[in-house]
Enquirer: 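Sending over a structure as structure tokens; questions will come in a sec.
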Amino acid sequence: MAVEGIYPRLAEGGLVYGPAFQGLRAAWRRGAEVFAEVRLPEPQHADADRFDLHPALLDAALHATMLDGVERVVLPFSFRGVTLHATGATDLRVRLTPTGPDTMSLAVADGRGAPVATVAALAVRPVDQRQLVVSGRAVADSLFQVAWHAVSADAPGAGRVARCAVVGVDGLGVGPALLAAGSDVESHASLADLARAVDEGEAGVPPVVVVPWPLSRDADRHSADAASGAVVRMLGLFQEWVREERFGDARLVLVTRGAVAVSSAAGGGPAESVSDLAAASVWGMVRSAQAEHPDRFALVDLDADAGSGRVLADALAGAEPQCAVRAGRVWVPRLERSRPPATTGVPALRSEGTVVITGGTGVLGSLVARHLVTHHGIRHLLLLSRRGPDAPGAT
């Protein structure tokens, strides 16, 4: 079976493999079985000892199933019964034996014929060629962005919160604004103070409990340390909220100022910027809390406009998990398709810029980083991961 030109042919069909993954060197058939010889490209040899079996090498072994074209491409889905016999291989001889319509077994040896690995069952999934061919229109349709939309007064869930509690230091004037709007407002120094008041009185916990940010009047808001400290403090407050059974039917709303930049879907308004780094960090943490505890938390960001205070009661009464009040109007974020300007080609990466790679210390992240350095001349990379410099191979 001829393998010359296989990668340009696959690329024409929509399946593009980068230089590190173009390892197929020879292939032949014996009945239903497929045999292949694969070799790790020279620049990746130094990485072979980092893996039990280099992922690019194993992936290249499966390319022999696509020598007849991309009319029926099968991609690996799951592995079962994997046994590793040796490590550090840079070239392989592979036998792929069909065991079902979409399964096969693999016998993997090195260039001298010594066993490297066996796979009892590799399940594959067919991919239609139309899923591989990505046109310019398809790329545009797959890009999304967050845009803010104004909510009308008669929108579903619109109304005015009748009773609520304000907890902590009210540097934003939330309590007076709600009183002026006709809401029944209680003030408490802390959640524990609110719980004691509930125990001592006849009224239960208000349906809405508001915590204005910042929690203290002298809080630093504009440094990295302030952002870290804000998240730690708010985490403790949220854990207290979740643990307290008496608060189970109420919703805690964090009210901030300058935590988000509201951009209209229609555009045209003045560009906003985030002015409170600590509050923005807390917004990110609350979004995570909302994913774990739906309907228990909400976010409202206010501006300094006098009209915004008058509609705050409306924002608190709604069911939106996040909203912003600007110039007396309530805005909510929505995900919508992004329409980037038409380009004549792939934009070039600027070598003087910094490229951020999430998961940058993992297998794929490190391969992407190496590719950017060797093929695009990038010299400044920021690799983000959960374990940071403690991740294996990070240094």
Enquirer: Quick check: do P41 and Q22 have side-chain heavy atoms less than 4.5 Å from each other?
Expert: no
Enquirer: Which pairs, with at least one residue in residues 236-260 and sequence neighbours excluded, count as a salt bridge (charged side-chain N to carboxylate O under 4.0 Å, His left out)?
Expert: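 For residues 236-260, and leaving out neighbouring residues, the salt bridge (charged side-chain N to carboxylate O under 4.0 Å, His left out) pairs sorted by first residue read D199-R246, E244-R246.
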Enquirer: Main chain of R93, side chain of E37: is a donor-acceptor contact present, judged purely on distance under 3.5 Å?
Expert: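 Absent.
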Enquirer: Answer yes or no: is there a donor N or O on one side and an acceptor on the other, between the side chain of H54 and the main chain of A56, under 3.5 Å?
Expert: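 Yes.
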Enquirer: Decide whether R287 and Q322 meet the rule of one side-chain donor and one side-chain acceptor closer than 3.5 Å.
Expert: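 A donor-acceptor contact under 3.5 Å links the two side chains.
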Enquirer: Test question: given the 4.5 Å side-chain rule for I, L, V, M, F, W and Y, name all other residues clustered with V356, or answer none.
Expert: L382, L384
Enquirer: Using 0.5 Å steps for rounding, measure from the CD1 atom of I357 to the CG atom of L372.
Expert: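 Rounded to the nearest 0.5 Å, the CD1-CG separation comes out at 5.0 Å.
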Enquirer: Do any N or O atoms from the side chain of S281 and from the backbone of L277 form a donor-acceptor pair under 3.5 angstrom?
Expert: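 At least one qualifying donor-acceptor pair exists.
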Enquirer: Under 4.5 Å between side-chain heavy atoms, hopping through other hydrophobics if needed: is there a path connecting V3 to V16?
Expert: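 The answer is no; the residues belong to distinct hydrophobic clusters.
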Enquirer: Looking at every heavy atom in both A259 and A280, which two are closest together, and how far apart are they?
Expert: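 Shortest heavy-atom contact: O-CB, 3.4 Å.
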Enquirer: Within this structure, what is the CE-CZ distance for the pair M285 and R233, rounded to the nearest 0.5 Å?
Expert: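 The distance works out to 11.0 Å.
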Enquirer: Using a 3.5 Å distance criterion without hydrogens, assess whether the side chain of D170 forms a donor-acceptor pair with backbone atoms of G175.
Expert: yes
Enquirer: Going by heavy atoms in the side chains, are V300 and L254 under 4.5 Å from each other?
Expert: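 Answer no - side chains too far apart.
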Enquirer: Establish whether F77 and V34 are linked, either directly or via other cluster members, by ILVMFWY side-chain heavy-atom contacts under 4.5 Å.
Expert: no
Enquirer: Look up atom OG1 in T97 and atom CG in L106, then write down how far apart they are to the nearest 0.5 Å.
Expert: 8.0 Å
Enquirer: Please tell me whether D52 and T87 have a donor and an acceptor in their side chains that are separated by less than 3.5 angstrom.
Expert: no
Enquirer: Taking R25 first and then D91, would you say they form a salt bridge - that is, a charged N and a carboxylate O separated by under 4.0 Å?
Expert: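 A salt bridge is absent here (no side-chain N lies under 4.0 Å from a carboxylate O).
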Enquirer: Using a 4.5 Å cut-off on heavy atoms from C-beta on, say whether the side chain of V260 contacts that of W148.
Expert: yes
Enquirer: Going through the checks in order, is the side chain to side chain contact (heavy atoms under 4.5 Å, CB included) test met by V210 and V167?
Expert: CA-CA 6 Å; V210 180; V167 173; over 6 Å; no
Enquirer: Examine distances only and state if a side-chain atom of R9 and a backbone atom of E4 form a donor-acceptor pair shorter than 3.5 Å.
Expert: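 Checked: pair present.
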Enquirer: Once salt bridge (charged side-chain N to carboxylate O under 4.0 Å, His left out) is applied, what residue pairs with a partner in residues 366-382 remain, sequence neighbours excluded?
Expert: D47-R370
Enquirer: For P321, is there any backbone N or O sitting under 3.5 Å from a side-chain donor or acceptor partner on Q290?
Expert: yes
Enquirer: Check whether any side-chain N or O of Y7 sits under 3.5 Å from a backbone N or O of P19 as a donor-acceptor pair, and report yes or no.
Expert: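 It does not hold such a pair.
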Enquirer: Among residues two or more places apart or on two chains, list those pairs meeting salt bridge (charged side-chain N to carboxylate O under 4.0 Å, His left out) that have a residue in residues 380-392.
Expert: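 Counting only pairs at least two positions apart or across chains, no salt bridge (charged side-chain N to carboxylate O under 4.0 Å, His left out) contact touches residues 380-392.
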Enquirer: I'd like to know whether the aromatic ring centres of H63 and Y17 sit less than 6.0 Å apart in this structure.
Expert: yes
Enquirer: Does F247 reach the side chain of V242, with side-chain heavy atoms less than 4.5 Å apart?
Expert: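 When only atoms from C-beta onward are counted, V242 and F247 do not touch, as no gap falls below 4.5 Å.
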Enquirer: Does the plane of the ring in W241 sit parallel, tilted or perpendicular to the ring in F297? Use 30° and 60° as the thresholds.
Expert: tilted
Enquirer: Is any side-chain heavy atom of V262 less than 4.5 Å from a side-chain heavy atom of E272?
Expert: yes
Enquirer: Closest heavy-atom contact between A391 and S385?
Expert: CB-OG, 4.5 Å
Enquirer: Is there a donor-acceptor pair closer than 3.5 Å between any side-chain N or O of D59 and the backbone N or O of P55?
Expert: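 Checking the backbone N and O of P55 against the side chain of D59, no donor-acceptor pair under 3.5 Å is found.
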Enquirer: Just wondering, more than 12 heavy atoms not from R80 lying within 6.0 Å of its CZ?
Expert: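 Counting neighbours around CZ of R80, 12 or fewer heavy atoms of other residues, nucleotides or ligands fall under 6.0 Å, so no.
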Enquirer: With V185, which residues qualify under side chain to side chain contact (heavy atoms under 4.5 Å, CB included), at least two apart?
Expert: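 For V185, the residues satisfying side chain to side chain contact (heavy atoms under 4.5 Å, CB included) (neighbours in sequence not counted) are C164, V166, L178, L179, S183.
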Enquirer: Decide side chain to side chain contact (heavy atoms under 4.5 Å, CB included) for F238 and V286; before the verdict, give the C-alpha distance in whole Å, the side-chain angles of both, and the deciding distance to 0.1 Å.
Expert: CA-CA 9 Å; F238 289 159; V286 177; 3.2 Å; yes
Enquirer: Can you see which heavy atom on C323 is nearest to which on V332, and at what distance?
Expert: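 Minimum heavy-atom contact is CB-CG1, 4.0 Å.
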Enquirer: Taking P115's backbone N and O only, do any of them form a donor-acceptor pair with D110's side chain (distance below 3.5 Å, no angle check)?
Expert: no
Enquirer: Using every non-hydrogen atom in the two residues, find where V325 and A315 come nearest and quote the distance to one decimal.
Expert: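 Shortest heavy-atom contact: CG2-CB, 4.1 Å.
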Enquirer: Which heavy atom in L191 sits nearest to a heavy atom in L237, and how many Å separate them?
Expert: CD1-O, 3.7 Å
Enquirer: Is any side-chain heavy atom of E186 less than 4.5 Å from a side-chain heavy atom of L194?
Expert: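 E186 vs L194: side chains touch.
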Enquirer: Report yes if some heavy atom in the side chain of T256 is under 4.5 Å from a heavy atom in the side chain of V282; otherwise report no.
Expert: no
Enquirer: Would you say the side-chain atoms of H45 pair up with the backbone N or O of L40, donor to acceptor, closer than 3.5 Å?
Expert: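 Confirmed, H45 side chain pairs with L40 backbone.
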Enquirer: Closest approach of V205 and A250, non-hydrogen atoms and distance?
Expert: CG1-CB, 3.9 Å
Enquirer: Go through the structure and list residues passing side chain to side chain donor-acceptor pair (under 3.5 Å) with R125, not counting sequence neighbours.
Expert: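 Once residues adjacent in sequence are excluded, R125 has no partner under the side chain to side chain donor-acceptor pair (under 3.5 Å) criterion.
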Enquirer: State yes or no: do L62 and L75 share one hydrophobic cluster built from I, L, V, M, F, W and Y residues joined by side-chain heavy-atom distances below 4.5 Å, directly or via other members?
Expert: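 Same cluster.
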Enquirer: Are W213 and V274 connected in a single hydrophobic cluster, I mean Ile/Leu/Val/Met/Phe/Trp/Tyr linked by side-chain heavy atoms less than 4.5 Å apart?
Expert: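 Per the 4.5 Å side-chain linkage, V274 and W213 are not co-clustered.
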Enquirer: Counting only heavy atoms not in R163, do more than 12 fall under 6.0 Å of its CZ?
Expert: yes
Enquirer: Using a 4.5 Å cut-off on heavy atoms from C-beta on, say whether the side chain of E336 contacts that of F144.
Expert: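 Answer no - side chains too far apart.
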